[in-house]
Amino acid sequence: QEQLVESGGGLVQSGGSLRLTCAASGRTFSTYSMGWFRQAPGKDRDFVAGIDNRGTRTDYGDSVKGRFTISRDNAKNTVYLQMNSLKPEDTSIYYCAAEEDLFGGIVYDAIDYDYWGQGIQVTVSS
């Protein structure tokens, strides 16, 4: 089974930047659609960013569009989330997720993903 491990979270000031990294262990990483989600206490798990299996298409949640960038390096079994112009409302636990199918396109619904990381805290101070 695919195992995902997030890193790169922490505490930053409003307006600052962080880059999250998700490292995958599977041998078929290049076939997986990948996504980032976030979930704050008492809130739903929201779509943040998605990328297709080849890294040719990306999409973002409305609240992060223009500020966040998802990318992947299939040779390194790694997906990234570059977060710029961070706001206090970005504070959340961020999760990396992988979905395996033959199409490999962008996946938006958390229920469709097959593998999840443990999550990593991002805190943005005002």
Side-chain angles (χ1 to χ4, degrees):
Q1 291 186 320
E2 188 73 30
Q3 296 189 65
L4 307 174
V5 180
E6 302 99 334
S7 61
L11 173 65
V12 297
Q13 296 183 67
S14 181
S17 297
L18 283 174
R19 185 176 69 172
L20 304 184
T21 297
C22 176
S25 62
R27 297 182 65 190
T28 56
F29 177 78
S30 63
T31 71
Y32 296 163
S33 301
M34 300 295 297
W36 289 95
F37 290 77
R38 65 188 184 186
Q39 187 170 27
K43 304 293 185 180
D44 293 333
R45 184 168 295 191
D46 292 331
F47 175 80
V48 175
I51 190 166
D52 69 359
N53 61 343
R54 306 193 74 171
T56 57
R57 296 178 60 217
T58 60
D59 204 5
Y60 302 89
D62 288 341
S63 63
V64 307
K65 197 168 298 181
R67 299 188 296 121
F68 290 10
T69 303
I70 186 172
S71 61
R72 67 192 296 163
D73 186 341
N74 286 349
K76 297 181 179 179
N77 276 21
T78 302
V79 63
Y80 306 94
L81 184 68
Q82 179 67 46
M83 304 183 293
N84 298 327
S85 301
L86 283 162
K87 306 173 181 179
E89 49 263 47
D90 295 317
T91 295
S92 192
I93 299 175
Y94 284 72
Y95 297 88
C96 177
E99 197 266 347
E100 56 179 344
D101 66 16
L102 295 176
F103 176 63
I106 296 170
V107 178
Y108 297 89
D109 295 328
I111 193 68
D112 293 327
Y113 281 86
D114 300 299
Y115 309 107
W116 292 87
Q118 293 297 305
I120 190 164
Q121 180 70 45
V122 171
T123 302
V124 185
S125 64
S126 59

Practice task
Walk me through it: do V64 and R38 pass the test side chain to side chain contact (heavy atoms under 4.5 Å, CB included)?
Solution key: CA-CA 11 Å; V64 307; R38 65 188 184 186; 3.8 Å; yes

Practice task
Identify whether Y80 and F47 are in the same connected component of the hydrophobic contact network (ILVMFWY, side-chain heavy atoms under 4.5 Å).
Solution key: no

Fill in the blank from the handout: One should read off an interatomic distance between K43 NZ and I93 CD1, to the nearest 0.5 angstrom, of 14.5 Å

Problem - Over all atoms of both residues, closest heavy-atom pair of C22 and L4 - result: SG-CB, 3.9 Å

Problem - Residue of the set Y60, Y95, Y113, Y108 for which ring pair (Phe, Tyr, Trp, His ring centres under 6.0 Å) holds with F37 - result: Y113

Practice task
Any chance you could measure F68, atom CZ, to L20, atom CG, to the nearest 0.5 Å?
Solution key: 8.0 Å

Problem - Donor-acceptor contact below 3.5 Å, side chain S92 vs main chain A40 - result: yes

Handout entry: Criterion side chain to side chain contact (heavy atoms under 4.5 Å, CB included) on Q121 and T91, from CA distance to verdict
Key = CA-CA 8 Å; Q121 180 70 45; T91 295; 3.9 Å; yes

Fill in the blank from the handout: Distance col, row M34:CE vs T78:OG1, nearest 0.5 angstrom, shows 9.0 Å

Exercise for the section: Indicate yes or no for a side-chain donor-acceptor contact from D44 to the backbone of D46 under 3.5 Å, with no hydrogens or angles considered. Expected result: no

Handout entry: Stepwise salt bridge (charged side-chain N to carboxylate O under 4.0 Å, His left out) check, D62 with K65
Key = CA-CA 5 Å; D62 288 341; K65 197 168 298 181; 3.4 Å; yes

Practice task
Check for a donor-acceptor pair, side chain of T58 on one end and backbone N or O of I51 on the other, with a separation under 3.5 Å.
Solution key: no

Practice task
Look up atom CD in E2 and atom OH in Y32, then write down how far apart they are to the nearest 0.5 Å.
Solution key: 4.5 Å

Completion exercise
Tightest non-hydrogen contact, residues Q118 and E6, listed as N-OE1, 3.2 Å

Fill in the blank from the handout: Value for OH (Y94) from CG (L81), rounded to nearest 0.5 Å, stands at 7.5 Å

Exercise for the section: Answer yes or no: is there a donor N or O on one side and an acceptor on the other, between the side chain of S30 and the main chain of N74, under 3.5 Å? Expected result: no

Practice task
Name all residues meeting the side chain to side chain contact (heavy atoms under 4.5 Å, CB included) criterion together with S7; count only those two or more places apart in sequence or in a different chain, and write none if there are none.
Solution key: T21

Exercise for the section: Please say whether more than 12 non-hydrogen atoms of neighbouring residues, nucleotides or ligands are located less than 6.0 Å from CD in Q13. Expected result: no

Problem - Residues in side chain to side chain contact (heavy atoms under 4.5 Å, CB included) contact with D112, at least two apart in sequence or another chain - result: V107, D109

Problem - Atom pair OG1/CZ of T56 and R72 - distance to nearest 0.5 Å - result: 9.5 Å

Handout entry: Side chain to side chain, M83 and D90, heavy atoms closer than 4.5 Å
Key = no

Handout entry: Common cluster, I106/I70, ILVMFWY with side-chain heavy-atom separation under 4.5 Å
Key = no

Practice task
Look at the side chain of S33 and the backbone N and O of D52, then say whether any donor-acceptor pair between them is shorter than 3.5 Å.
Solution key: no

Problem - ILVMFWY cluster, W116 and I120 together (side-chain gap under 4.5 Å) - result: no

Exercise for the section: Over all heavy atoms of both residues, which pair between S85 and R67 is shortest? Give the atoms and the distance, please. Expected result: O-NH1, 3.0 Å

Exercise for the section: Verify the distance criterion only: is there a donor paired with an acceptor across the side chains of T31 and N53 at less than 3.5 Å? Expected result: no

Handout entry: Closest approach of F29 to A24 (non-hydrogen atoms, all atoms of both residues)
Key = CD1-CB, 3.5 Å

